[in-house]
Amino acid sequence: MSMTTIAPEQVNSIVWNQHNDPFEILGSHPIEQDGKTVWAVRAYLPNASAAWVVLPEQRKEYPMQTVHHPHFFECTIDTPELANYQLRIKEGEHERVTYDPYAFRSPNLTDFDLHLFSEGNHHRIYEKLGAHPTEIGGVKGVYFAVWAPNARNVSLLGDFNLWDGRKHQMRKGPTGVWELFIPEIGVGESYKYEIKNFEGHIYEKSDPYGFQQEPRPKTASIVTDLDTYSWSDEDWMEKRRHTEPLTQPVSVYEVHLGSWLHASSAEPAKLPNGETEPVVVVSELKPGARFLTYRELADRLIPYVKELGYTHIEMLPIAEHPFDGSWGYQVTGYYAPTSRFGRPEDFMYFVDKCHENDIGVIVDWVPGHFPKDGHGLAFFDGSHLYEHADPRKGEHKEWGTLVFNYGRHEVSNFLAANALFWFDKYHIDGIRVDAVASMLYNDYCRKPGEWLPNQYGGRENLEAADFLRQVNHIIFSYFPGILSIAEESTSWPMVSWPTYTGGLGFNLKWNMGWMHDMLDYFSMDPWFRQFHQNNITFSMWYNHSENFMLALSHDEVVHGKSNIIGKMPGDTWQKLANIRCLFSYMFAHPGKKTMFMSMEFGQWSEWNAWADLEWHLLQHEAHQQLKTFFRELNHLYRSEPVLYTQDFAEPGFEWIDCSDNRHSVVSFIRRDKDSDDFAIVICNFTPQPHSHYRIGVPQKGFYTELFNSDARQYGGSNMGNLGGKWTDDWSLHSRPYSLDLCLPPLGVLILKLDKKKTAEVIG
């Protein structure tokens, strides 16, 4: 066959990897020859010494020749149709037969996909960008697509091409998305993108939309199919869809999977099929230890949380991150659960088992910033693509990270779709959005002159606020019944109000003011608490401005702050009594609850992200009793609707007396939404017990002592009211009846009117 006509500069653009659409030259092309149409086939095959075009159905081969370059092969074939041809390639002493990737021109991305992505509204863009096993023309392979609009060239690197960027050069579309289908590869392939800018600088990048990454310190993405896992949580998902979470009990156990518990590195991690996989070691600070896998955590963590009665597990960020010491808050793989603990299907198994055990799953989500690691999003296509170019907007110097450019539609689409992705593919039940304040203010942690005002001259980041509204609108539209929780530490208005009212659209906000007030108050010697009654009562002045979650999180037990027990004054007994008092008040106070692992058994040391929790403390009775306290507190909370159905409605809470600062005592009523049930809560914040302490109550009868934080089984002094008290016909606190109570030291009582017993005695 005669050779095709092609200019040398066209060949050189391929050889030197400088062409942004190699399909114009490589692959098969119809050409006119001797008055008829024939097919020209061209292939650039580095390292090849000879090549042939193979037509399997016709059982024919056509030798290819090199005219312009020793590795640029071409030939013409006289045939009406040319589809699914193959190339036989000789490289040294070896030969292989493969399909030509440049014979597959059908893009996975439609014009409508690209339009939606360009305007920031492609909610499931992760189904289009990234790496997707697929089949084109009966040939199986993987379709790759990456957004890099300012790159000169993009190639794929992987084991399938010996990490040679010359072999699989990608095609650039009109919106800056590069794509290529590579036949005959599949799930499990490691890959990266080789990106060149117009100066010729090369960047090797992980896939921003990659579903799996290699275990650290490696950084390649791995081709993964997320649709092979068989879920068994249909009932859970359907029930969630019809449930309003704000009227349900929400008691969250916050956990860092990498330090809750470790296994020995000598013990292989088990896979479902009985095989083993390489262990992922923790750190040199924890010699001989490895991380538990997602499946091992399902076997150990879930029963523990279920026994203690928590409704949800919240995990510190589990998206892929290179540095253990970031706790997951410096993310490089937003669409990949970290490989430290296993594969994507293993995390699916963990979530599935949580649902099977009636436990919801919340993940920390970090859309506020990302690290500068070379394989990540930073300077992705040789330009400031995901981040702002101006460091006054694009850099958190205190954290050493970069700030997303929320005003760029494709960037906001990347993040908004990522939030949806975790609900869609992993069936999670909520996100806790980290560092919202850092997103909302241009001057966050910046000195004067180091930040830029918005278009109106203010410090508010209006683009970030719009982005958060977009995220919450999208996820609640697709998945009603979920939680979206803001860690927002300022007075930004309407954080947990719906977007249609102008709010940011979260349905919960961490109450940072309550947390600071409580820890300040409980760190005082109890004698001084009488002068700081406002710490206890102030939260109710603003309680109805937002839907608050009361959180005592990991941030309160690191960086020299001590663990909870170390913050408390007094001897060991008083420290433990203060803990019981604090958390009893927390669970009786309006708002959903979050507490960090180790608080439930009174760990003394600060949290160490590389070490186990101090599980040995449970050998001691006092710490076992504290764990018993939390178990029974959680079960009480979940069993009493008065404590959760009206957290955010004014009828749900009513002070009885908040002004007894002389005794450091407060008392209040919690009411149920769907019945006339109510509970009486009395808190004594000093170690001084009070006998014959009288409070007013709204109804006559017998009040059962449902809960006493000073009970013997919790390690308390066992002072109380012998199971309950009858009212006296003495009015007090503007109520017609009153109770004469014994208030235990550093104790919280929860009492409830026993309607049956009352009716039997007084009718």
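Worth knowing before you read on, the calculation uses all heavy atoms, side chains too, and leaves out hydrogens, waters and symmetry mates.
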Side chain to side chain donor-acceptor pair (under 3.5 Å) between Tyr542 and Asn511, worked out: CA-CA 10 Å; Tyr542 60 85; Asn511 193 335; 3.1 Å; yes

Is there a side-chain contact between [X] and [Y], using heavy atoms and a 4.5 Å cut-off?
{"X": "Val411", "Y": "Tyr406", "result": "no"}
{"X": "Val255", "Y": "Leu301", "result": "yes"}
{"X": "Glu556", "Y": "Leu519", "result": "yes"}
{"X": "Leu613", "Y": "Phe601", "result": "yes"}
{"X": "Thr501", "Y": "Met494", "result": "yes"}
{"X": "Ile362", "Y": "Met315", "result": "no"}
{"X": "Ser259", "Y": "Met597", "result": "yes"}
{"X": "Trp497", "Y": "Glu546", "result": "yes"}

Glu654/Arg671 under salt bridge (charged side-chain N to carboxylate O under 4.0 Å, His left out): CA gap, chis, key distance, verdict: CA-CA 8 Å; Glu654 182 182 347; Arg671 298 185 186 275; 3.1 Å; yes

Would you please indicate yes or no on a ring centroid separation below 6.0 angstrom for [Y] and [X]?
{"X": "Phe538", "Y": "His532", "answer": "no"}
{"X": "Trp327", "Y": "His559", "answer": "yes"}
{"X": "Phe211", "Y": "Tyr126", "answer": "no"}
{"X": "Trp607", "Y": "Phe596", "answer": "yes"}
{"X": "Phe467", "Y": "Phe414", "answer": "no"}
{"X": "Trp492", "Y": "Tyr441", "answer": "yes"}

Salt bridge (charged side-chain N to carboxylate O under 4.0 Å, His left out) between Lys447 and Glu450, intermediate numbers included: CA-CA 5 Å; Lys447 299 175 183 177; Glu450 295 181 350; 5.1 Å; no

Working for salt bridge (charged side-chain N to carboxylate O under 4.0 Å, His left out), residues Lys627 and Glu600: CA-CA 5 Å; Lys627 182 184 170 187; Glu600 76 277 9; over 6 Å; no

Among Tyr637, Phe583, Tyr714, the one residue meeting ring pair (Phe, Tyr, Trp, His ring centres under 6.0 Å) with Phe707: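 For Phe707, the ring pair (Phe, Tyr, Trp, His ring centres under 6.0 Å) test succeeds with only one of Tyr637, Phe583, Tyr714, which is Tyr714.
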
Criterion ring pair (Phe, Tyr, Trp, His ring centres under 6.0 Å) against Phe341, the qualifying member of Trp260, Phe350, Phe347, Tyr294: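 Output: one option passes, namely Tyr294.
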
Worked check of ring-ring contact (aromatic ring centres under 6.0 Å, His included) between Tyr478 and His123: CA-CA 10 Å; Tyr478 284 94; His123 299 164; 5.6 Å; yes

Is there a donor-acceptor pair under 3.5 Å between the side chain of [X] and the backbone N or O of [Y]?
{"X": "Glu632", "Y": "Leu308", "answer": "no"}
{"X": "Glu254", "Y": "Thr594", "answer": "no"}
{"X": "Ser709", "Y": "Val748", "answer": "yes"}
{"X": "Asp233", "Y": "Met237", "answer": "no"}

Enter the distance from [X]:[atom1] to [Y]:[atom2] here, rounded to the nearest 0.5 Å.
{"X": "Leu749", "Y": "Leu706", "atom1": "CG", "atom2": "CG", "answer": "10.5 Å"}
{"X": "Ile750", "Y": "Glu640", "atom1": "CD1", "atom2": "CD", "answer": "8.5 Å"}
{"X": "Trp422", "Y": "Ile482", "atom1": "CH2", "atom2": "CD1", "answer": "14.5 Å"}
{"X": "Ser539", "Y": "Met518", "atom1": "OG", "atom2": "CE", "answer": "6.0 Å"}

Test side chain to side chain donor-acceptor pair (under 3.5 Å) applied to Glu488 and Thr490, step by step: CA-CA 6 Å; Glu488 204 286 310; Thr490 74; 2.4 Å; yes

Residue pair Glu320, Tyr335: steps toward the side chain to side chain donor-acceptor pair (under 3.5 Å) verdict: CA-CA 8 Å; Glu320 194 59 84; Tyr335 285 83; over 6 Å; no

Residues Arg124, Asp424; criterion salt bridge (charged side-chain N to carboxylate O under 4.0 Å, His left out); working and verdict: CA-CA 9 Å; Arg124 286 192 166 99; Asp424 180 20; 3.1 Å; yes

Cation over ring face, Arg529 and Phe685, 6.0 Å, 45°: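 Verdict for Phe685: no cation-pi partner in Arg529.
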
Stacked cation flag Arg459 on Trp451, 6.0 angstrom / 45 deg: no

Other residues, nucleotides, ligands: >12 heavy atoms within 6.0 Å of His396 NE2: yes

Salt bridge flag under 4.0 Å for residues Lys393 and Glu387: no

